[in-house]
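Notes to accompany the following structure.
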Amino acid sequence: MLVSRYFRLLQQCARRNTPNVAKTLHAQLLKNGLHRYGPLPNTLLDAYGKCGLPGDAFSLFEEMPHRDQVSWASILTAYNQANLPRRTLSISHAILADGGLWPDHFVYASLVKACAGLGSIRLGRQVHASFLLSSFCEDDVTKSSLVDMYAKCGLPGDARAVFDSILAKNAVSWTAMVSAYARSGLKSDAMAIFESAPARSLFSWTALISGLVQSGNNVDAFHLFIDMRRDGVDIVDPLVLSSIVGACANLAMLELGKQIHGLVILLGYESCLFISNALIDMYAKCSDILGAKDIFNGMNRRDVVSWTSIIVGTAQHGQAEEALELFDKMVSTRVKPNEVTFVGLIYACSHVGLVDRGRGLFNSMIKDYGITPSLQHYTCLLDLLSRSGHLDEAENLINQMPFQPDEPTWAAFLSACKQHGKIEMAVRIADGLLSLKPEDPSTYILLSNIYARAAMWDKVANIRKLMTLMDVRKEPGYSCIDIGKEKQVFYAGETIHPMKDEIFCLLSELDAEMRRRGYVPDTSLVLHDMEQQEKEKQLFWHSERLAVAYGLLKSVPGTVIRIVKNLRVCGDCHTVLKFISAIVKREIVVRDANRYHHFKGGTCSCNDFW
DNA sequence: ATAGGGTTAG
């Protein structure tokens, strides 16, 4: 009787995720000597794993005198559950060595899941091959996990092949396939599978919507979310909400995001951890950093993602010192920073030119936290060094780092050389960059500027020729502005807007006032060969100016004007927006392709670093 | 007694 009670209680622990109860039961089992009784050790191991205690699970596993298939499967699950796929796979090597135990279908499913988590197609294919040669090769559960593994490795065709081989497809297999197509951006295939599935559920809707958000089809995801609501699907689990909050963030749709936030509250999920995390990011990406802080401050539990989201958001909005203070608080509350946190922190340092602090953080990341720097970390550090004029150190780093620098990395370094007047160095870097056959139009504009600065006119001509030859054309710039519930999009040079005359009139007035205050148009970044006056006219019609003028004409006086731009703000527009914010005494927030600019009283939060 | 699908930060 007593033994069956322990079984029941431990299984309950696993289901309800109550680690303390698991530990108490373990202690009782030790006390009454039942800890080695029958399958109880495996049940306890499973409970530890499912309660998120992989360390305790592993100690137990090591102490076991007899490990069977179930023990192996349970320890693998424990590591998968804790999102430690490397551990899962490292243990799998031991499986073969330990008493000649052969993996069963439970073990295969766990191994495939670990490969999916790592995104390692090489290991994934090895496990797949081994599975096919085993006597469990018809197992449908493992096949469903293979569908997912191929999907996560970006191979929807391979996923489909496995899916077609599943004999008895169930809800899990259909959902895995919907997710496979959706996350690969294969919209119509995803829809087709979704519709041909025998049943729909919150699970399959979530797979479809989340997948589309992940592949950047945010608007489609939104329409499907509305369809799902119309279908009357009960949102008994908030996962889909975090995806749709993410869609609002990606689209920078603040009003829509606020409405979804309302829905989150209505459905009672506002204290759910990863919903709050998604909301922090949404408000930050929608330029409302105060809204993001409200969410963060109102949380009763915060994890790495919460801290990292607010640190990154604060840094991107130009409040670097505050981002660094937040990090100190994070450390003092014993939340362990991860690789993403350090990206945000080094970025923050680069923004205010805190070279020593940034270097220190980079080293501490490696030494104190055991994190191997990625290309992104090197890029942040390079940015910090080169912006602050430590160009030789930056060049050394480029040559020593274990990554091949990509085009944006070279371009950023090059632009810093130009900024600091290191023309010889710039030309050397430019020659190297050119030989990599860059693809981004702005790289060509930068190169052309460098050569022009060095008076190397034949090279300038060569760049122009290359651009026509490769048909490198600048992506058309556009800016969006939300006024109430209406969204307006302005393209550069647009002349068909119904309020065109009023916009032109206002911009002319502002232009005159700016010139009185000392504004001189900076036409150095206008590409085309044309007269000065013509160049100035080009700048005059840049999309962000049209959007600001429209905002000034239509919005409630005194409110913040929020603009989202697809490209980076040009240097001249940046100057103009600073002037305008002072003249009209309004705060203007621009989210460009790279960062956020809060223009207020003639200055910008980015300190002219962008 | 053990496995598979939907989740947030760069």
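Distance Trp205(A) CH2 to dG5(B) C1': 17 Å, rounded to the nearest Å. For the pair His317(A) NE2 and dA9(B) C1', the interatomic distance rounds to 14 Å; values are reported in whole Å. Remark: P of dG10(B) and CD1 of Ile280(A) are 12 Å apart, rounded to the nearest angstrom. The distance from atom CD1 of Ile311(A) to atom C1' of dT8(B) is 15 Å, rounded to the nearest whole Å. Rounded to whole angstrom, the span from the CZ atom of Phe131(A) across to the C1' atom of dG4(B) amounts to 11 Å. Distance CZ (Phe342(A)) to C1' (dA9(B)): 14 Å, rounded to an integer number of Å. The interatomic distance linking Arg302(A) (CZ) with dT8(B) (P) rounds to 21 Å, in whole Å. With rounding to whole Å, Leu361(A) atom CG is found 18 Å from dG10(B) atom P.
Residues Tyr6(A) and Tyr37(A) place their aromatic rings such that the two centres sit no closer than 6.0 Å. Aromatic ring centres of Phe61(A) and Trp72(A): separated by under 6.0 Å.
Classified by interplanar angle (parallel below 30°, tilted 30° to 60°, perpendicular above 60°), the ring pair Phe131(A)/His128(A) is tilted. Taking the six-membered ring where the residue is Trp, Phe58(A) and Tyr79(A) present tilted rings, their angle falling between 30° and 60°. Aromatic ring pairs are classed by plane angle as parallel below 30°, tilted from 30° to 60° and perpendicular above 60°; the pair His26(A) and Tyr48(A) is perpendicular. Taking the six-membered ring for Trp and thresholds of 30 and 60 degrees, Tyr108(A) and Phe136(A) have ring planes inclined between 30 and 60 degrees apart.
Residue Ser110(A) places none of its side-chain N or O atoms closer than 4.0 Å to OP1 or OP2 of dA3(B). Lys152(A) has a side-chain polar atom (N or O) that falls below the 4.0 Å cut-off from OP1 or OP2 of dG6(B). Phosphate proximity of dG6(B) to Arg183(A): present, with a side-chain N or O under 4.0 Å from OP1 or OP2. Close to dA3(B), at under 4.0 Å from its OP1 or OP2, lies no side-chain N or O of Gln69(A).
For the contact set between residues 223-244 of chain A and DNA chain B, defined by any heavy atom under 4.0 Å, the members are Asp237(A), Leu239(A), Ser242(A), Ser243(A). Residues of residues 153-178 of chain A that place a heavy atom closer than 4.0 Å to DNA chain B, in numerical order, are Asn170(A), Ala171(A), Val172(A), Thr175(A).
Residue contacts shown for Ser309(A) are limited to sugar-phosphate atoms, with no base heavy atom under 4.0 Å away. If you check every strand for non-hydrogen atoms under 4.0 Å, Asp68(A) touches a base. Looking at heavy-atom distances under 4.0 Å, Asn42(A) makes contact with a base. Note on Gln81(A): nothing from the nucleic acid sits closer than 4.0 angstrom, heavy atoms only. As judged by a 4.0 angstrom heavy-atom cut-off over every strand, Asn80(A) is placed among residues making no nucleic acid contact.
Under the 4.0 Å criterion applied to side-chain N and carboxylate O atoms, Asp148(A) and Lys152(A) are assigned as salt-bridge partners. At a threshold of 4.0 Å, the pair Asp303(A)-Arg334(A) does not count as salt-bridged, since none of the basic side-chain nitrogens sits closer than that to a carboxylate oxygen.
Residue side chain Phe106(A) meets the stacking definition with respect to dT2(B): its ring centre sits within less than 5.5 angstrom of the base's six-membered ring centre, and the planes differ by less than 30 degrees.
Tested against Trp174(A), the residues Phe163(A), Phe194(A), Tyr181(A) include a single ring-ring contact (aromatic ring centres under 6.0 Å, His included) partner, Phe163(A).
Checking dG10(B), dG6(B), dG4(B) against the side-chain heavy atoms of Leu202(A) singles out dG6(B) as nearest. Of all nucleotides listed (dA1(B), dA9(B), dA3(B)), dA9(B) comes nearest to the side chain of Thr308(A). Of the candidate nucleotides dG10(B), dT7(B), dT2(B), dT7(B) has the atom nearest to the side chain of Ser210(A). Here the nucleotide nearest the side chain of Val312(A), chosen from dG6(B), dA3(B), dG10(B), is dG10(B). Here dA1(B) is the nucleotide among dG5(B), dA1(B), dG10(B) with the atom lying nearest to any side-chain atom of Pro39(A). Of the listed nucleotides (dG10(B), dA3(B), dT8(B)), dA3(B) has the atom at the smallest distance from the side chain of Val141(A).
Checking side-chain atoms of Ser144(A) against main-chain N and O of Ala176(A) turns up no donor-acceptor pair under 3.5 Å.
Between the side chain of Asp104(A) and the base of dA3(B), no donor-acceptor pair under 3.5 Å is found. Counting distance only, with no hydrogens placed and no angle test, the side-chain atoms of Ser145(A) and the base atoms of dG4(B) include no donor-acceptor pair under 3.5 Å.
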side-chain contact (heavy atoms from CB on, under 4.5 Å) between Leu29(A) and Leu10(A), intermediate numbers included: CA-CA 11 Å; Leu29(A) 286 172; Leu10(A) 282 169; 4.3 Å; yes

